[in-house]
Amino acid sequence: MKQLSKYLKYDLISLFAVVLTLLGLAVAQKPQAVQAATSDGKTQVVFWHEMGGPAEQALLKIVDGFNKSQDKYEVVPAYQGSYDEAVQKIIQTHGTNTSPAVFQSFDISTAQMMDSKYTTPIQKFADADNYDLNQISAGARAFYAKDGQQMAMPFNTSQPVLYYNATLLKKYHITPPPVSPSYSDISRVATQLYNRSNHKVKGMTVQIYGWLLEEALANARTSLTNNSDGHDGTPTKVNLNNPTTVQFLKWIRSNIQQGNFINYGSGASAGTNQIAGFLADKVGMFIQSSATIGQLTANNKNKLGITYFPHPDGTKANGVAIGGAALWISNDKPQNVQQGSFEFIKYALNAQNQAQWQKATGYLALNKDSQNETVLKKLYASNPEAKVPAQQLATATPNKTNSGILMQGMQLTRELEETAMETVYNGGDINNALTTANQSINDNLKLTNQANGVKPK
C-alpha cells in the first residue's frame, strides 16, 4: 500500500500541475499568426529534437542538407534534452510564440500527442501533396496512425533484437540460434555456453526494462490493455498478469535458476554494463534496441550475431513494436510554416537520407528504396548482420498487438512493470508481483482517464 500511495500521490500532483498549466495557456495565450522570417526572406521552421552525440551530428547534416536544397524554408534545430523533458516543453508551450513548428516525440508519448489535439496529421499534407506514404515502412507507420490517418511520421526507429557473440559460440562448438528463435532455442545456447566455458561465460541476460516485457507480449500476439492496446479506443483496463507475461518471466526465472543468467539490473547503467559485459566476453547473449549495433561493432574483437526477438515455444512470432520517436507538426503555426515542416519531413525520409541515417546511427532506414542505396549495400557487405533488424520489421504484418501501445501514463507503467520484473529476478512470486503491478497500473490509468474525461467501460 505504501508503494501504491507513493505512485498515486505522484500522479495526482503531476496531473494537477499539467491541468493548471494547460488552463493557464488556454486563457493567456492564442496561437501565433506570424512566424519569423530569416534575413534572406525564408520562412523559419523551428525544429525541436532530442538527439545527442553522433545521432545529433547526423541529424544536423540532414537539416543542413534540407536548408541548402531549396530557398523557401530555413529549419532551425534546437536540442531539448531527454524525451521526457521535451514532451513537457511541447505540451506547455503550445499556442505560444516559443513552441516548435515541427518536433520529435518518443513512442510512449504517442497517445498523449494524439489526445492533445495539438498537431496536424501528416495525412493531411500527404493527401494534398500526393505523397506516397506506402514508401515508408508499414510496420513503423502503424504505431503513429489512428482511424486510418497518419498522425506523425516515424523517424528514429529501432527494433528489439537478440545479440549473440558468434566468436564464442564457434569457439565452444555451439550451433547459433535460428533467425527467429524460440525461448528454448535461446536457453539451449545459454546453457551450452555456460557449461562449455566452465562457467566463465554467462549464457544470457535480459535487462529489467518494461519495453522488453511489452515486446514479449507483442511477439506472442497478446495485448497489454483492452481496446486492442488503444488502437480501438482509449484503454480503460490493463491485464499485465496474463499467461504470456507469466511464460516470459518463467523462462527468465528458469535460466536464473540454472546459473547461466546474469542480472545487470535496470536503468541506463544496466544497459551500459550489459554492453560492457558482452564486449568483455562475460555474457554471450542479450536483448536490446537495434540502435545499439554501432556500439557493438565499433570496438568489438568478436564477430557479432543478431537474431529476431525470441518468441514462446509453440507460438508463431507475431512481430514486435518499434521503439524510438516520430516527427509531428504543430497546429499552432501558420499554414506556410506547417507546409515547410512537412517539406522537411519528406526530405528527412527520402531514400538517400534514410540510408545515411542508418549507417550513422544504427536506427533503421524506413524508406523502402533505401535498401538500394550504395551506402547500405556497402554496410551490409561488411556487416551482413546489420540487415537483420530491418528484415524483422519488414517480415512482420502490422496488427493491433505489434503496433505499439496507445495509452497515456506509459512512463509510470514501465516503472511498475520493472518493479515486477525485479521482484521476479530476485526470487519473488511471479503472480504476486504481476498482480501488484497490475493493480497500481490500473489505479493510475483510472486517474489519468478521469482527468481526461474518459468514462470507464
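Everything numeric here is computed off the predicted structure, so don't read it as measured data.
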Among Ile136, Leu376, Leu366, find the one that has a side-chain contact (heavy atoms from CB on, under 4.5 Å) with Gln354.
Leu366
Between Met51 and His49, the two heavy atoms sitting closest are N-ND1, 3.1 Å
Can you find a pair of side-chain heavy atoms, one from Ile122 and one from Leu133, that are under 4.5 Å apart?
yes
Go through the structure and list residues passing side-chain contact (heavy atoms from CB on, under 4.5 Å) with Ser69, not counting sequence neighbours.
Phe66, Tyr347
Please tell me if the side chains of Ile208 and Asn263 come closer than 4.5 Å, counting only heavy atoms from C-beta onward.
yes
Report the residues that fulfil side chain to side chain donor-acceptor pair (under 3.5 Å) with Thr244, sequence neighbours left out, ordered by chain and then residue number.
Thr222
Before you tell me yes or no, could you show the steps for Phe47 and Phe344 under side-chain contact (heavy atoms from CB on, under 4.5 Å), namely the whole-Å CA-CA distance, both residues' side-chain angles and the distance that decides it to 0.1 Å?
CA-CA 10 Å; Phe47 169 38; Phe344 169 65; 3.9 Å; yes
Evaluate side-chain contact (heavy atoms from CB on, under 4.5 Å) for Ser180 paired with His311, printing each intermediate quantity in order.
CA-CA 8 Å; Ser180 181; His311 59 84; 3.6 Å; yes
Is any side-chain heavy atom of Val179 closer than 4.5 Å to one of Gln391?
no
Does NZ in Lys359 sit with more than 12 non-hydrogen atoms of other residues, nucleotides or ligands closer than 6.0 Å?
no
4.5 Å side-chain heavy-atom contact, Met407 and Val238
yes
I'd like to know if the side chain of Asn402 reaches the main chain of Asn318, judged simply by a donor and an acceptor atom lying under 3.5 Å from each other, with no hydrogens or angles considered.
yes
Does Asp369 have any side-chain contact (heavy atoms from CB on, under 4.5 Å) partners at least two apart in sequence or in another chain, and if so, which?
Ala351, Asn367, Asn372
Between CG of Asp229 and CG of Leu224, what distance do you get to the nearest 0.5 Å?
6.0 Å
Report yes or no: does Glu215 contribute a side-chain atom to a donor-acceptor pair with the main-chain N or O of Gln159 at less than 3.5 Å?
no
Qualifying residue for ring pair (Phe, Tyr, Trp, His ring centres under 6.0 Å) with Phe155, from Tyr363, Phe106, Trp357:
Trp357
How far does CD1 of Ile287 sit from CD of Gln207, to the nearest 0.5 angstrom?
10.5 Å
Please examine the side chains of His231 and Asn399, heavy atoms only from C-beta on, and report whether any two atoms are closer than 4.5 Å.
no
Centres of the Phe342 and Tyr131 rings: under 6.0 Å?
yes
State which residue, out of Ile306, Val320, Thr292, fulfils the side-chain contact (heavy atoms from CB on, under 4.5 Å) condition with Val161.
Ile306
Tell me whether Asn299 at atom CG has more than 12 heavy atoms from other residues, nucleotides or ligands lying less than 6.0 Å away.
no
Minimum heavy-atom separation for Met421 to Gly210, with atom names?
SD-N, 4.5 Å
Please name the pair of heavy atoms, one in Ala390 and one in Leu364, separated by the smallest distance, quoted to 0.1 Å.
N-CD2, 3.9 Å
Using atom types as modelled and distance alone, determine if a side-chain donor or acceptor of Thr110 lies under 3.5 Å from a backbone N or O of Asp107.
yes
Please check: side-chain N/O of Thr423 versus main-chain N/O of Thr419, any donor-acceptor pairing under 3.5 Å?
yes
Heavy atoms, side chains only, cut-off 4.5 Å: are Thr93 and Trp48 in contact?
yes
Could you tell me whether the side chain of Thr96 and the main chain of Thr98 form a donor-acceptor pair under 3.5 Å?
yes
Surrounding NZ of Lys387 (heavy atoms of other residues, nucleotides or ligands, distance under 6.0 Å), is the total greater than 12?
no
Distance col, row Tyr83:OH vs Ser109:OG, nearest 0.5 angstrom, shows 9.5 Å
Taking only residues two or more places apart in sequence, or in another chain, which ones meet Lys117 in a salt bridge (charged side-chain N to carboxylate O under 4.0 Å, His left out)?
none
Does any donor atom in the side chain of Asp127 or Gln123 lie under 3.5 Å from an acceptor atom in the other side chain?
yes
Give the minimum heavy-atom separation between Asn134 and Lys368, together with the two atoms involved.
O-NZ, 2.9 Å
Determine whether a donor-acceptor pair (N or O, by modelled atom type, separation under 3.5 Å) exists between the side chain of Asn438 and the backbone of Leu434.
no
Provide the closest heavy-atom pair for Tyr164 versus Thr307 in the form atom of the first, atom of the second, distance.
CE2-CG2, 3.6 Å
Any idea which heavy atoms bring Tyr163 and Ser289 closest together, and the distance?
OH-O, 2.7 Å
What orientation do Phe309 and Phe248 show, parallel under 30°, tilted 30 to 60°, or perpendicular over 60°?
parallel
Between the main-chain N or O of Val454 and the side-chain N or O of Asn452, is there a donor-acceptor pair closer than 3.5 Å?
no
Lys446 atom NZ, neighbour heavy-atom count above 12 within 6.0 Å
no
Does Glu50 offer a backbone N or O that forms a donor-acceptor pair with the side chain of Gln104 under 3.5 Å?
yes
For the atom pair CD (Gln247) and CG (Asn242), what is the distance rounded to the nearest 0.5 Å?
10.0 Å
How about Thr120 and Gln338: does a side-chain donor come under 3.5 Å of a side-chain acceptor?
yes
Start with the C-alpha distance between His94 and Asn331, add both sets of side-chain angles, then the distance that settles side-chain contact (heavy atoms from CB on, under 4.5 Å), and finish with yes or no.
CA-CA 9 Å; His94 185 79; Asn331 63 10; 3.0 Å; yes
Just wondering, do Pro100 and Lys333 contact through their side chains at under 4.5 Å, heavy atoms?
no
Starting from the C-alpha separation in whole Å, work towards a yes-or-no answer on side-chain contact (heavy atoms from CB on, under 4.5 Å) for Asn449 and Thr234.
CA-CA 8 Å; Asn449 285 342; Thr234 302; 3.6 Å; yes
Pairs in or reaching into residues 373-386: which pass side-chain hydrogen bond (donor to acceptor under 3.5 Å, both in side chains), with residues at least two apart or in two chains?
Gln358-Tyr380, Gln371-Tyr380
Would you kindly say whether Thr236 and Asn226 are connected by a side-chain donor-acceptor distance under 3.5 Å?
yes
Going through the distances and angles, do Glu343 and Gln339 end up as a side chain to side chain donor-acceptor pair (under 3.5 Å)?
CA-CA 6 Å; Glu343 296 299 328; Gln339 185 62 44; 2.9 Å; yes
May I ask you to test the Phe278-Thr205 pair for a side-chain heavy-atom distance under 4.5 Å?
no
Does Gly41 offer a backbone N or O that forms a donor-acceptor pair with the side chain of Asp71 under 3.5 Å?
no
Would you give the length of the straight line joining atom CZ of Arg414 to atom CG of Leu212, rounded to the nearest 0.5 angstrom?
8.5 Å
Let me confirm one number: the CD-CD1 distance from Glu417 to Ile441, rounded to the nearest 0.5 Å.
5.0 Å
Expected list for residues 144-153: side-chain donor-acceptor pairs under 3.5 angstrom, two or more places apart:
from: Gln150; atom 1: NE2; to: Arg141; atom 2: O; distance (Å): 3.1
from: Gln150; atom 1: NE2; to: Tyr144; atom 2: O; distance (Å): 3.4
from: Gln150; atom 1: NE2; to: Ala152; atom 2: O; distance (Å): 2.9

